[in-house]
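In what follows, chains are A, B, ... by sequence order, proteins preceding strands, each numbered from 1. In this text the structure is predicted, and so the values were computed from the model without any measurement.
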Amino acid sequence: MTAASPAREPLRLHVPEPTGRPGCETDFSYLHLSAAGSKRKPPINEVPAKTIDLAFALIRVLDDTGQAVGPWDPKVDAAFLKRGMRAMLKTRAFDARMLVAQRQKKTSFYMQCLGEEAIATAHWMALTPGDMCFPTYRQQGLLLANDEVPMVEMMCQLFSNRRDPMKGRQLPVMYSYKKHGFFSVSGNLATQVIQAVGWAMASAIKNDTKVASAWIGDGATAESDFHTALTFAHVYRAPVIINVVNNQWAISTFQAIAGGEGTTFAARGVGCGIASLRVDGNDFLAVYAASKWALERARSNHGPTLIEWVTYRAGAHSTSDDPTKYRPDNDAARFPLGDPVARLKQHMVALGIWSDAEHEALKKQVEGEVAAAQKEAESHGTLADGHVHPASEMFEDVYKDMPAHLKRQRAELGIG
Amino acid sequence: MTAASPAREPLRLHVPEPTGRPGCETDFSYLHLSAAGSKRKPPINEVPAKTIDLAFALIRVLDDTGQAVGPWDPKVDAAFLKRGMRAMLKTRAFDARMLVAQRQKKTSFYMQCLGEEAIATAHWMALTPGDMCFPTYRQQGLLLANDEVPMVEMMCQLFSNRRDPMKGRQLPVMYSYKKHGFFSVSGNLATQVIQAVGWAMASAIKNDTKVASAWIGDGATAESDFHTALTFAHVYRAPVIINVVNNQWAISTFQAIAGGEGTTFAARGVGCGIASLRVDGNDFLAVYAASKWALERARSNHGPTLIEWVTYRAGAHSTSDDPTKYRPDNDAARFPLGDPVARLKQHMVALGIWSDAEHEALKKQVEGEVAAAQKEAESHGTLADGHVHPASEMFEDVYKDMPAHLKRQRAELGIG
Amino acid sequence: MPDGGNMKTTQMTMIQALRSAMDVMLERDNNVVLFGQDVGYFGGVFRCTEGLQKKYGKSRVFDSPISEGGIIGAAVGMGAYGLRPVVEIQFADYVYPGIDQIVSEAARLRFRSVNDFTCPMTMRMPCGGGIYGGQTHSQSPEAMFTQVCGIRTVMPSNPYDAKGLLIACIENDDPVIFLEPKRLYNGPFDGHHDKPVVPWSKHPKGEVPEGYYTVPLESAAIVRPGSEVTVIAYGTMVYVSQAAAEESGVDAEIIDLRSIWPLDLDTLVESVKKTGRCVIVHEATRTSGFGAELMALVQENCFYHLEAPIERVTGWDTPYPHAQEWDYFPVPARVATALKKTLQG
Amino acid sequence: MPDGGNMKTTQMTMIQALRSAMDVMLERDNNVVLFGQDVGYFGGVFRCTEGLQKKYGKSRVFDSPISEGGIIGAAVGMGAYGLRPVVEIQFADYVYPGIDQIVSEAARLRFRSVNDFTCPMTMRMPCGGGIYGGQTHSQSPEAMFTQVCGIRTVMPSNPYDAKGLLIACIENDDPVIFLEPKRLYNGPFDGHHDKPVVPWSKHPKGEVPEGYYTVPLESAAIVRPGSEVTVIAYGTMVYVSQAAAEESGVDAEIIDLRSIWPLDLDTLVESVKKTGRCVIVHEATRTSGFGAELMALVQENCFYHLEAPIERVTGWDTPYPHAQEWDYFPVPARVATALKKTLQG
Ligand SMILES: Cc1ncc(C[n+]2csc(CCOP(=O)(O)OP(=O)(O)O)c2C)c(N)n1
Ligand SMILES: Cc1ncc(C[n+]2csc(CCOP(=O)(O)OP(=O)(O)O)c2C)c(N)n1
Ligand SMILES: [Mg+2]
Ligand SMILES: [Mg+2]
């Protein structure tokens, strides 16, 4: 041992703070942006350790004038862009309506993805049938981008009514759609990421071609299952994409409280031996291109990719939250990566394939679809009016076959 | 969604394998060594992300001829080197004796640190009184380097006898020595690393000057508490060193099964925003220098350091293990970083401050000390001869004050 | 003044009472620190720590990463250093990633190190249902903790007890699980979800001393004396049982455990020996719920006094449902049925 | 041939029987995969999976990182994909980092997704004491699992049952905790640690069919018929109870639960109604151990038949000690005392 060293400053605890708080504007320079088109696109079999540059940079396609630039430009056609725009607008319209429905007590709870629409929708457009997403509660875009998923059914889940496919067992937004590649949403953070890795390992064990896509928020990366997921994905080179949606906030805590200060969430992947990208999540084209790259990599036996999507949670955390208590009111408007809908619109207008009028018309159209779906869903009842699945549903599916003790308990409740 | 892509190779599961197995010699090129003296020594306030080069390299001081070279040479004096040599030889002698004692059933279990002696002993020499180590079961060197810790007492713990300071409650090797900066060893892997971070945070909260030193094996880094430790250490810039002892094996599994393939354990630290070093753990001087650097950094409010110590578990995992079942017999002898005792000896001889005769004399001396301690410890009994703490000890210290139900149970056992 | 008897009192909700307990302890002992998800700047999703960071600074009251294992593990280390950490787990449903640190570490540190290291710490967590929270915001995991040797489990049922017990727990040298029945945060809820909410200001136990006082651990309270049957309850079920007694007309003696484990066995045994009958009520699932242990203790200690089988009224052995909440929740009618049944036994 | 009745048999230890069960299932169903710490190349620290990687390849039988949460979480995902993972937790004492994936995920996936996703998986883990393993290699955590709705908990007490139950568990569509009393791996241990070890080759249940057969879940076995008192036990305690019955001369009816939860209530109730007395024996700590639930069930179902208080013989409410192992372990003498006491009741 060495003797105690000469007197020095005492230790002190560092507690990270966001640069902005109510009454004090955010300095977004902490984001370390890169110029659109400035980052290389490596081959899909890139060595993980070599992606360190991309984990500290920001991959972007759309520049400030709405041009698609650089090696990551996916060069998609007009029809594709219109489908993407529709998916984003539909998602936004759905969220807006359901937020109102919650205030009207038609549903007990709701969570919107305002400002983050590009990520789930463009990612979904890059998937192949059979792939499986393991979402959090904020990836409704994976369902709403898919016109085969009936919005009425989703709303019945939100209203916990007699047609709720989850039979009233789950909180609103906890959908499950196996046939649409959407794993049952867990209320417990991060748990589904290692499950996605296990699912991907199973796909590899069975010599299948399917890829898993796991989703997690910046805040939830602090949970241990994020670590076990990275470890298992790396060790077994699982065909999985680990999507970290860094929307800067986890309820009231800034992303630095989750460990974002002085590093990136993408960098964690590289440390664990996983190819990692940090991508502009409000850039529909960048999201699509990066997703494609990672899916191709996984499907070709080159292993997992971690993608950090940089975005901003423009709304409240949930209907139980009031963000004006902990962050500046105008934060979303000042976020340097803008709004994903506005940015894609700018691009499409610049290409000459879109106009304000067309945009408004599409908005109206999807709002109409959402309204019609809501009308139909409400005709099946809501939690408030008590048109819910019967109490006997509680005892079903706890086990594959109902054991004797649950039959006895059901009888005790008088519904035996 | 995109249509399924054209036929390609099916997915397959990758399961890492060591290059050597019984009957097939190991190719150690996977270790990616660096030449002694070739790596830079950054200032103690280095930005964590900038240590990425050191996380993928190997910091070494002693070269193949026994010269101390490069910026990490701690330039210690002869007395210091002799103390270091004594600490290592004492540790080795202690282990050898206790291994025999286990075979003679004087203790139920033992774990040696053969081949890893430089790490704990040199690290201990860099600590300051008041610092707290949170060790695993293989850091006996932290105690044996310290001549103030009575070996007799350690052996009484191993023999579970009437003088066992742990009162027979704990398996052998699960020491606890608060006054010597040695936290109670847990049988559960990785749990103590986040505790070390919490202890360090407490030191910072109290504006103290003490640093925590956490210890974990390569295999155990897969446990979730490693992740929570990295996250909390980074977020709060805790004054802590996270020592990852990469001895290539975790019982029968190779370090690649813990995630060492294509990356390093040090790289995980950088990803999490922690300054990280990869260091030759069989090089006494490199261990001392790197420990000093990290301690200085922590004590100066610059935050945590992760150090990956590259070494080799030369013995069996524990007395319950037989490594010839899963790795080549001659692996330890062929390990490119050699043996820590032999390397320090070579250095001291090259310096002209040591000789074969002095070495043999010191070995004899410490063996004598160990033998004498054992004789005394055995005079207090062993588990085998039943001279253990009484059954009533079981009921003490479960709570600060014994609750009524434990008094009733003690009475039921007939010792109330 | 350990019982707060002569102190100035104010009307407080349970949230305010808990906040006041932490405020008092932060003031008295600068080894007390508070942290957890959203507890710092924002003051917690239930606002229990509101204003405390501002008052005591960021090194004493701070936000933590979303990692229950990390929160509890760090608190163990802080306890070993000499602090008295008070941590918040946002919902008891989310404690499981921290279970290993509780079971394998906090609970055994004193024992395994023979007092060399200890970790006095309090783990606060809202529990229980009644708020349409579904399976991840409604659980009552107390039984799991009661099996862990070396920790204490406590659950208050009113603002006065909440403050006095929380102070006692923070001062206690053992690790403590402090369960807060969230449906009681704003008023004594008796299971009639369709009736208007009654605020704490209408309840005598909403009158809370402003300063320091404690409610002793391992001491149960008889909240309604009675002669026909003993009801053992805790948390929200105390009010449900009271409503059931009134509605059924059964003269039940209702005991609020307060300290779940270790507990005040004498009060239970004395009461059951007097009444000869016993009903146990808890929100948690039935099988291996803490009701099982209570039933075991009662039958072990009062066998020859029992005139009817002990009854359990509990949540069902299913995950906590969302839409069927009021079929799952042990409502007064179910408790009343058990009371009457035990009288016939 | 579900009961293996006419099959060729061999003498097996419990380790060999477990290995044989996995071998049979790997052969029959290529959705079965095995993984865990050290289970691949080496074949497990207790050698239960020895030779299986060689036989079935590295994608079916493989080593895993040291992460119980990762092992169980990955298995949940594999189950959701359609595999039947069988995972090994090296010691039940180390299951806690995986508890969240068991409680919050595996147990509820079917329920919460309304059968959209399920996870048939078997989690094997050695449990129990008697090997001088100290607090981290001796625990019996079964009670914790029995409170979790949606999973099954099973514990065999001999090679024949071990194989038949393990096959039944692997084929079962619910997640199953499969606890292996490690002190029984090599022979039926009756608690007399100072007597020579009896090998399975000397025991009729060491004779095990070579091929496929199952022992049904939720079915208890009466291992010793008797008239004076019912003993409910499982795992190692089955032999301890048998020794106690012999040594005390009490004519006990000894029931080996085999399936701990859900369980075979009828067999218990019928026996207690016949004997009027009941002793429950388990290695786990007492408070909120599974004995509490068993006691609750017996008193709920047999109250009017009981002639004496039900007795519990259990581990003490302390961490499992190392040197005092035989003071902690429920030895035959302690069970015998309880048997005699209940007869006097
Ligand atoms: C295990 C667990 N702990 C705590 C919570 C409570 N909780 C729900 S969402 C949330 C914040 C998550 O933030 P982030 O991961 O960034 O996702 P975002 O909401 O921003 O999409 C918290 C703390 C939970 N659901 N599960
Ligand atoms: C939570 C937990 N899981 C499993 C084990 C069993 N176990 C004890 S040591 C060990 C290997 C650890 O390897 P490593 O971390 O590399 O340390 P080393 O033994 O090489 O020093 C295992 C799996 C344990 N003690 N705790
Ligand atoms: Mg977020
Ligand atoms: Mg190792």
S.K.: Check each atom of A:Val15 against the heavy atoms of chain C and say whether the ones under 4.5 Å are side chain, backbone, both or neither.
M.R.: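 Backbone plus side chain of A:Val15, per the 4.5 Å heavy-atom cut-off to chain C.
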
S.K.: Against chain A, work out which of C:Ile66, C:Val45, C:Asp327 has the most heavy-atom pairs shorter than 4.5 Å and name it.
M.R.: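 Option with the greatest count: C:Ile66.
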
S.K.: Top residue by heavy-atom pair count (under 4.5 Å) with chain A, among C:Gly43, C:Pro97, C:Gly40, C:Ser67?
M.R.: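 Ranked by heavy-atom pairs under 4.5 Å with chain A, first place is C:Ser67.
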
S.K.: If I compare all heavy atoms of A:Leu171 with all of C:Tyr132, which pair ends up nearest, and what's the gap?
M.R.: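 The pair with the smallest heavy-atom distance is CD2-O, 3.6 Å.
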
S.K.: Considering only heavy atoms, which portion of A:Ile257 lies under 4.5 Å from any heavy atom of chain C: side chain, backbone, both, or neither?
M.R.: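 Interface part for A:Ile257: both.
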
S.K.: Is C:Glu68 close to chain A through its backbone or its side chain, or both, or neither, when contacts mean heavy atoms under 4.5 Å?
M.R.: both

S.K.: For a 4.5 angstrom cut-off between non-hydrogen side-chain atoms, does C:Gln90 reach A:Ile251?
M.R.: yes

S.K.: Need one label for C:Tyr320: side chain, backbone, both or neither, based on atoms under 4.5 Å from any heavy atom in chain A.
M.R.: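 Only the backbone of C:Tyr320 comes within 4.5 Å of chain A.
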
S.K.: Return the minimal non-hydrogen interatomic distance between A:Thr253 and C:Asp63, and the atom names on each side.
M.R.: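 For A:Thr253 versus C:Asp63, the nearest heavy atoms are CG2-CG, 3.5 Å.
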
S.K.: Top residue by heavy-atom pair count (under 4.5 Å) with chain C, among A:His405, A:Arg21, A:Glu17?
M.R.: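 Ranked by heavy-atom pairs under 4.5 Å with chain C, first place is A:Arg21.
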
S.K.: As an exercise, state the distance from CD of C:Glu325 to OG of A:Ser108, rounded to the nearest 0.5 Å.
M.R.: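 Output value for this atom pair is 9.5 Å.
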
S.K.: In terms of ring plane angle, is the pair C:His137 and A:Phe109 parallel, tilted or perpendicular, where the classes change at 30° and 60°?
M.R.: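 Judged by the thresholds at 30° and 60°, the geometry between C:His137 and A:Phe109 is tilted.
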
S.K.: Consider side-chain contact (heavy atoms from CB on, under 4.5 Å). Of C:Thr318, C:Thr314, C:Asp317, which one does A:Gln409 pass it with?
M.R.: C:Asp317

S.K.: So which heavy atom on A:Asn188 is nearest to which on C:Asp93, and how close?
M.R.: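 Heavy atoms of A:Asn188 and C:Asp93 come nearest at ND2-O, 3.7 Å.
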
S.K.: Tell me, do C:His322 and A:Arg169 make a side-chain contact under 4.5 Å, heavy atoms counted?
M.R.: no

S.K.: Applying side-chain hydrogen bond (donor to acceptor under 3.5 Å, both in side chains), name anything that partners C:Arg19, two or more places apart in sequence or on another chain.
M.R.: none

S.K.: Hey, which residues of residues 52-60 of chain C are touching chain A, say heavy atoms under 4.5 Å apart?
M.R.: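 Contacts with chain A: C:Lys58, C:Ser59.
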
S.K.: Do C:Arg286 and A:Glu412 make a side-chain contact, defined as non-hydrogen atoms from C-beta onward lying under 4.5 Å apart?
M.R.: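 SC-SC contact between C:Arg286 and A:Glu412 confirmed.
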
S.K.: Would you mind checking which part of A:Ala220 comes under 4.5 Å of any heavy atom in chain C, side chain (CB onward), backbone (N, CA, C, O), both or neither?
M.R.: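 Backbone only.
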
S.K.: Checking side-chain hydrogen bond (donor to acceptor under 3.5 Å, both in side chains) for the pair A:Ser252/C:Asp38: CA distance, chi angles, key distance, verdict?
M.R.: CA-CA 6 Å; A:Ser252 77; C:Asp38 301 293; 2.6 Å; yes

S.K.: With only heavy atoms counted, which part of C:Phe62 is less than 4.5 Å from chain A, the side chain, the backbone, both or neither?
M.R.: side chain

S.K.: Quick check on A:Pro403 against chain C: is it the side chain, the backbone, both or neither that has a heavy atom closer than 4.5 Å?
M.R.: neither

S.K.: In this structure, are over 12 heavy atoms from other groups packed under 6.0 Å from A:His389 atom NE2?
M.R.: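 Enclosed.
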
S.K.: Any side-chain heavy-atom pair from A:Lys325 and C:Tyr41 closer than 4.5 angstrom?
M.R.: no

S.K.: We want to know whether C:Gln324 and A:Glu393 form a side-chain donor-acceptor pair, criterion being a heavy-atom distance below 3.5 angstrom.
M.R.: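 No, because no side-chain N or O of C:Gln324 sits under 3.5 Å from a partner of the opposite role on A:Glu393.
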
S.K.: Where on C:Thr136 is there a heavy atom nearer than 4.5 Å to chain A: the side chain, the backbone, both, or neither?
M.R.: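 Only the side chain of C:Thr136 comes within 4.5 Å of chain A.
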
S.K.: Contact part of C:Thr337 toward chain A, heavy-atom cut-off under 4.5 Å: side chain, backbone, both or neither?
M.R.: neither

S.K.: Check whether more than 12 heavy atoms from other residues, nucleotides or ligands sit under 6.0 Å from atom CD of A:Gln104, and answer yes or no.
M.R.: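 Enclosed: over 12 neighbouring heavy atoms sit under 6.0 Å from CD of A:Gln104.
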
